[in-house]
There are 2 protein chains.
Amino acid sequence: MKSQATRVSLLHHGLNVLSVYGLSGVTLGRLAEAARLSKSGLFAHFRSKEQLELALLDEAARLAHTHVVEPAMEAPAGLPRLRVLVERWLGWASRAGLPGGCPVAAALFELDDREGEVRDHVAALEQEWRALLRSLTASAAALGHLRPETDVDQFVWDLCGIYLSHHASARFLRDPAAETRARHAFDALLRRAGAALPS
Amino acid sequence: MKSQATRVSLLHHGLNVLSVYGLSGVTLGRLAEAARLSKSGLFAHFRSKEQLELALLDEAARLAHTHVVEPAMEAPAGLPRLRVLVERWLGWASRAGLPGGCPVAAALFELDDREGEVRDHVAALEQEWRALLRSLTASAAALGHLRPETDVDQFVWDLCGIYLSHHASARFLRDPAAETRARHAFDALLRRAGAALPS
DNA sequence: TGGAAAATAGCACGACCGGTCGTATTATGG
DNA sequence: CCATAATACGACCGGTCGTGCTATTTTCCA
């Protein structure tokens with residue numbers, strides 16, 4: 001069962017590399033060095049580079065789940081839960097201890113014009129995530145926290161725009177106003193959907 | 001003066017590779033093969049890989065200028081010009097003949113956690129672009145097409161979110177509704193800023 | 001048209017890539 | 001406590017990376 005421990009360590013170091021350098025920057029040599037393991041020792045845990053990438057993406061999703069989804073699920077259903085989720089979503093990577101940005105967001109722009117299993121996996125993760133956003137939004141509407149005729153798909157699409165714009169302005173432009181901008185945009189989106197003003 | 005011609009050819013092929021594979025995917029060997037030139041013949045045109053990357057980014061900006069900014073400048077100042085700009089901006093890369101997505105948007109997520117001249121160059125291009133957006137938005141407000149108290153910075157920030165969300169949903173998710181979603185979001189943004197309904 | 005100058009090709013380099021193999025070490029179940 | 005299977009190691013494979021150096025070809029002007 002020592003294998004499990006080193007695998008955890010590999011995924012941990014791999015996520016650090018991934019969040020900074022992107023999928024194409026996760027190299028067997030680099031990861032082996034970061035995890036203080038020989039390249040071949042590392043390779044025994046993942047039968048190929050592609051398997052490693054898939055495992056890292058899953059680990060990123062798992063990390064996001066514990067840092068974003070789980071806390072949100074403790075809030076009351078409807079708008080409060082949606083609010084907490086968005087609050088935890090924006091900039092979650094830093095709060096989860098990653099040295100770089102959100103690996104999935106980066107993959108969205110890194111793999112957009114390529115084919116293959118890795119791309120498909122990212123697409124599945126992203127669709128899963130958007131389904132969750134839709135579900136929480138629809139709940140908020142069903143509970144009367146948002147206008148019942150709210151266009152849920154459009155709402156989620158706009159929300160993703162806020163996330164991406166926040167990521168770009170916070171991580172790339174390093175604009176200290178990123179948080180404020182995102183909050184204003186989210187408030188405007190909620191207002192447009194008929195939400196009551198925040199407490 | 002034959003050098004100029006091959007340089008143009010190199011930049012052209014380089015942009016194709018860049019838009020699909022990102023900055024890290026632009027490799028001397030790959031580009032040399034695409035341009036039917038020897039690796040060393042190519043290398044003579046750019047004294048280093050970094051110089052090549054900078055030249056490619058500039059070429060991308062030049063291409064965007066002719067395909068996005070110039071057509072917009074022919075529209076009447078104020079809101080009409082802003083509308084044309086946004087119309088031309090979303091999905092401009094495909095319309096400009098690139099096989100992939102917007103190189104700058106991809107670079108925003110590829111280089112966000114790295115340092116160096118290339119990152120600085122992308123940052124400069126992006127700031128320049130956002131300054132243009134701010135300028136056109138402020139003009140629209142000054143001309144009474146938008147509410148005078150419009151928060152220009154927030155408006156531009158939201159606009160960038162629409163662009164990024166459109167890029168992600170159109171290029172990565174390949175959602176055919178991307179155009180509609182972006183149009184709705186932009187209309188809502190304009191309405192919120194007090195614009196008259198579109199013709 | 002000849003000859004200087006510019007442009008391109010050829011080649012070699014060290015580093016690193018993903019991946020394989022045989023061996024040594026280590027952990028664990030009987 | 002030992003046999004055995006799991007785990008990690010070092011060396012190495014064929015390729016490609018970016019980058020120099022040196023020929024060779026091509027272009028351009030006098």
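In the text below, chain A, chain B and the rest are named by the order of the sequence lines, each starting its count at 1.
One cannot find a donor-acceptor pair under 3.5 Å joining the base of D/dG10 and the side-chain atoms of A/Lys39. Judged by distance alone with a 3.5 Å cut-off, no donor-acceptor contact links the side chain of B/Ser38 to the base of C/dG10.
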**OP:** Determine, step by step, whether B/Arg183 and B/Leu90 satisfy the side-chain contact (heavy atoms from CB on, under 4.5 Å) criterion, reporting the C-alpha distance in whole Å, the side-chain angles of both residues, the deciding distance to 0.1 Å, and the verdict.
**Re:** CA-CA 10 Å; B/Arg183 171 179 303 274; B/Leu90 300 178; over 6 Å; no
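Cation-pi contact between B/Arg192 and B/Phe155: absent, since separation from the ring centre below 6.0 Å together with deviation from the ring axis within 45° is not met. Taking the ring centre of B/Phe109 as origin, the terminal cationic atom of A/Arg171 falls outside the region bounded by 6.0 Å and 45° from the ring axis.
Within the 4.0 angstrom heavy-atom criterion, base atoms lie near B/Ala44.
When the P atom of C/dA9 is taken as reference, atom CD of B/Glu33 falls 14 Å away, rounded to whole Å. Following rounding to the nearest Å, A/Phe46 (CZ) and C/dT20 (C1') show an atom-to-atom distance of 18 Å. The separation between B/Leu28 atom CG and C/dA12 atom P is 19 Å, rounded to whole Å. Rounding to whole angstrom units, CG of residue A/Leu52 and C1' of C/dC17 are separated by 14 Å. At whole-Å resolution of the value, CZ in A/Phe43 and P in C/dC16 are 19 Å apart. If you measure from atom OH of A/Tyr21 to atom C1' of C/dC16, you get 15 Å, rounded to the nearest angstrom. The CZ atom of B/Arg30 sits 16 Å away from the P atom of C/dC17 (whole-angstrom rounding). Following rounding to the nearest Å, B/Gln4 (CD) and D/dC28 (P) show an atom-to-atom distance of 12 Å.
Side-chain heavy atoms closer than 4.5 Å link hydrophobic residues (I, L, V, M, F, W, Y) into clusters, and following such links, even through other members, never connects B/Leu133 to B/Val84.
Where A/Ser48 and B/Leu42 meet DNA chain C, the nucleotide closest to each residue was compared, and B/Leu42 sits on the side nearer the 5' end.
In the model, A/His121 has a side-chain atom that pairs as donor or acceptor with a side-chain atom of A/Asp58 under 3.5 Å.
Residue A/His45 has no polar side-chain atom (N or O) positioned under 4.0 Å from OP1 or OP2 of D/dA6. The phosphate of D/dC17 (OP1 or OP2) has a side-chain N or O of B/Thr27 nearer than 4.0 angstrom. Between C/dC11 and B/Ser40, no contact under 4.0 Å exists linking OP1 or OP2 to a side-chain N or O.
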